[in-house]
Student: 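Here it is, the structure, as structure tokens.
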Protein chains: 2
Amino acid sequence: MSRDDDARAVWHSLTQLFISDDNQRRFPAIAEGEDVTVRLMHAILDIDPASPIPMKQLARQWYCDASNVTSIVDGLEERGLARRDPSAHDRRVKLVGLTDAGAAMRERIVERLSDPPSVLTSLTGAELKTLRTILGKAAGRLEAPRG
Amino acid sequence: MSRDDDARAVWHSLTQLFISDDNQRRFPAIAEGEDVTVRLMHAILDIDPASPIPMKQLARQWYCDASNVTSIVDGLEERGLARRDPSAHDRRVKLVGLTDAGAAMRERIVERLSDPPSVLTSLTGAELKTLRTILGKAAGRLEAPRG
DNA sequence: TATTGTTATACTCTATAACTATA
DNA sequence: TATAGTTATAGAGTATAACAATA
């Protein structure tokens, strides 16, 4: 049981927990509850309410074409969840920021996404405390935390 | 710090680890490496190589329309990854099973999905061992493990 | 009659290419 | 000339409705 074996086993379990059909179904369910599509929900999670972001940067972050970002931000704007403002430094660039309504929806989504599935709540209190410490440490190392 | 707080914090970290853009990008990358689409890859993961499953049951499991299952299984069959056989007990029912090629691809996908991201490998050996034990216990409680 | 699966069809999501406006 | 973003358009994925075969 090497260190690499342990890391693989951990990631395998974590992946199973996450891609289980029950869990995957939560995303559409939460999106539906907010009356947005799943892609708009993901977009909202990726926009920091405190700092508007250029469209181009979103395209890089999502590994998708720029035209797609146009369509997504259109959807957010139509629903009053985001706003486009030209950059003061380069008028070609448009900065996308969440409106108050968008930021509020984002908070609700993050809240609901944190609802733990039953497989987790069936662990003991001590186990949960241990997981909290270690996983918190790992998640803290992510570049751009989503929510 | 209640037990519920701990469970929420754990799930929140786990969700962050999993829906990070870097990690989400792994699915298309692995699928591309196998020359299948992401939806076919997910389908392969959800079919137990040891026991063919009725189309209707896949539709329930994936929370999607039956016509969609027809289209997905068509795609798998065209690539020689799965096969449809009428049930011996009810000739309306078609059982979907993986071919040898499909089962082999499934193993490769599971293998690659288990590659741990760098945020995990940066944990200590003791932390990984602890995570392995606890998460393995939780994942073992899932109904239909994928891979 | 009810159920399993298929076909026809429309809508959403995503990518490519051509375009506009700034730099 | 190059870059940020948009528009037009085509292809994949998904849902609804009508249908065929079987129960």
Student: Measure from NE2 on A:His42 to C1' on C:dC13 and round the result to the nearest Å.
Tutor: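 After rounding, the reported distance stands at 14 Å.
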Student: Whole angstroms only, please: what is the CH2-C1' distance between B:Trp62 and D:dG13?
Tutor: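 Rounded to whole Å, this separation is 13 Å.
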Student: In whole angstroms, how far is the C1' atom of C:dT4 from the CD1 atom of B:Ile53?
Tutor: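 For the pair B:Ile53 CD1 and C:dT4 C1', the rounded distance is 14 Å.
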Student: In this structure, how many angstroms lie between the C1' atom of C:dT12 and the CE atom of A:Met41, rounded?
Tutor: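 Whole-Å distance recorded here is 16 Å.
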Student: Before giving the answer on side chain to side chain contact (heavy atoms under 4.5 Å, CB included), spell out for B:Val93 and B:Asp90 the whole-Å C-alpha distance, their side-chain angles and the decisive distance to 0.1 Å.
Tutor: CA-CA 6 Å; B:Val93 174; B:Asp90 182 340; 4.0 Å; yes
Student: Just to confirm, is there a sub-4.0 Å distance from OP1 or OP2 of D:dT6 to any side-chain nitrogen or oxygen of A:Arg84?
Tutor: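 Answer is yes, contact under 4.0 Å.
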Student: Between B:Glu127 and B:Thr124, do the side chains contain an N or O donor and an N or O acceptor separated by less than 3.5 Å?
Tutor: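 Present: a donor and an acceptor within the cut-off.
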Student: For a quick test of reading the model: is some side-chain N or O of A:Lys94 closer than 4.0 Å to OP1 or OP2 of C:dA21?
Tutor: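 Checking C:dA21 against A:Lys94, no side-chain N or O comes under 4.0 Å of OP1 or OP2.
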Student: Mind checking if B:Asp90 touches a base, just sugar-phosphate, or nothing, with heavy atoms under 4.0 Å?
Tutor: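 Answer is sugar-phosphate: B:Asp90 comes under 4.0 Å of backbone atoms only.
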Student: How do A:Arg92 and A:Ile72 order along DNA chain C: which one's closest nucleotide is nearer the 5' end?
Tutor: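 Nearest nucleotide further toward 5': that of A:Ile72.
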Student: For A:Asp74 and D:dT6, give me the distance from atom CG to atom P, rounded to whole Å.
Tutor: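 Atom CG in A:Asp74 sits about 7 Å away from atom P in D:dT6.
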Student: Could you check whether any side-chain heavy atom of B:Asp5 comes within less than 4.5 Å of a side-chain heavy atom of A:Arg132, counting everything from C-beta outward?
Tutor: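 Sidechains of A:Arg132 and B:Asp5: in contact.
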Student: Would you please classify the geometry between the B:His42 ring and the B:Phe27 ring as parallel, tilted or perpendicular, with 30° and 60° separating the classes?
Tutor: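 Answer is tilted, since the angle falls between 30° and 60°.
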Student: Return the 5'-most residue of the pair B:Ala66, B:His89 with respect to DNA chain D, ranking by each residue's nearest nucleotide.
Tutor: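 Comparing both residues, the 5'-ward one is B:Ala66.
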Student: May I have the distance from B:Glu32 (atom CD) to D:dA12 (atom P), rounded to whole angstrom?
Tutor: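 One finds 15 Å between P of D:dA12 and CD of B:Glu32, rounded.
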Student: Can you tell me if A:Arg39 touches the phosphate of C:dT12, counting only side-chain N or O atoms and a distance under 4.0 Å to OP1 or OP2?
Tutor: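 Indeed not, no polar side-chain atom of A:Arg39 lies that close.
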Student: Does B:Ser67 make a side-chain N or O approach to OP1 or OP2 of C:dT7 shorter than 4.0 Å?
Tutor: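 Checking B:Ser67 against C:dT7: no side-chain N or O falls below 4.0 Å of OP1 or OP2.
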Student: Check whether any side-chain heavy atom of B:Trp11 lies under 4.5 Å from a side-chain heavy atom of A:Leu135, and answer yes or no.
Tutor: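 Not touching, per the 4.5 Å side-chain cut-off.
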Student: With nearest nucleotide decided by heavy atoms, which residue, A:Val38 or B:Lys56, maps closer to the 5′ end of DNA chain C?
Tutor: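 The residue whose closest nucleotide sits nearer the 5' end is B:Lys56.
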Student: The side chain of B:Arg91 lies closest to which of these nucleotides: C:dA15, C:dG5, D:dA23?
Tutor: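 Of C:dA15, C:dG5, D:dA23, D:dA23 is nearest to the side chain of B:Arg91.
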Student: Starting at CG of B:Leu58 and ending at C1' of D:dT14, how long is that distance when rounded to a whole Å?
Tutor: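 Computing the B:Leu58:CG to D:dT14:C1' distance gives 16 Å.
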Student: Quick one: which of C:dC13, C:dT16, C:dA15 gets closest to the side chain of A:Asp65?
Tutor: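 For the A:Asp65 side chain, the nearest candidate turns out to be C:dT16.
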Student: Rounding to an integer number of Å, can you tell me how far A:Met55 CE sits from C:dT22 P?
Tutor: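 The answer, rounded to whole Å, is 15 Å.
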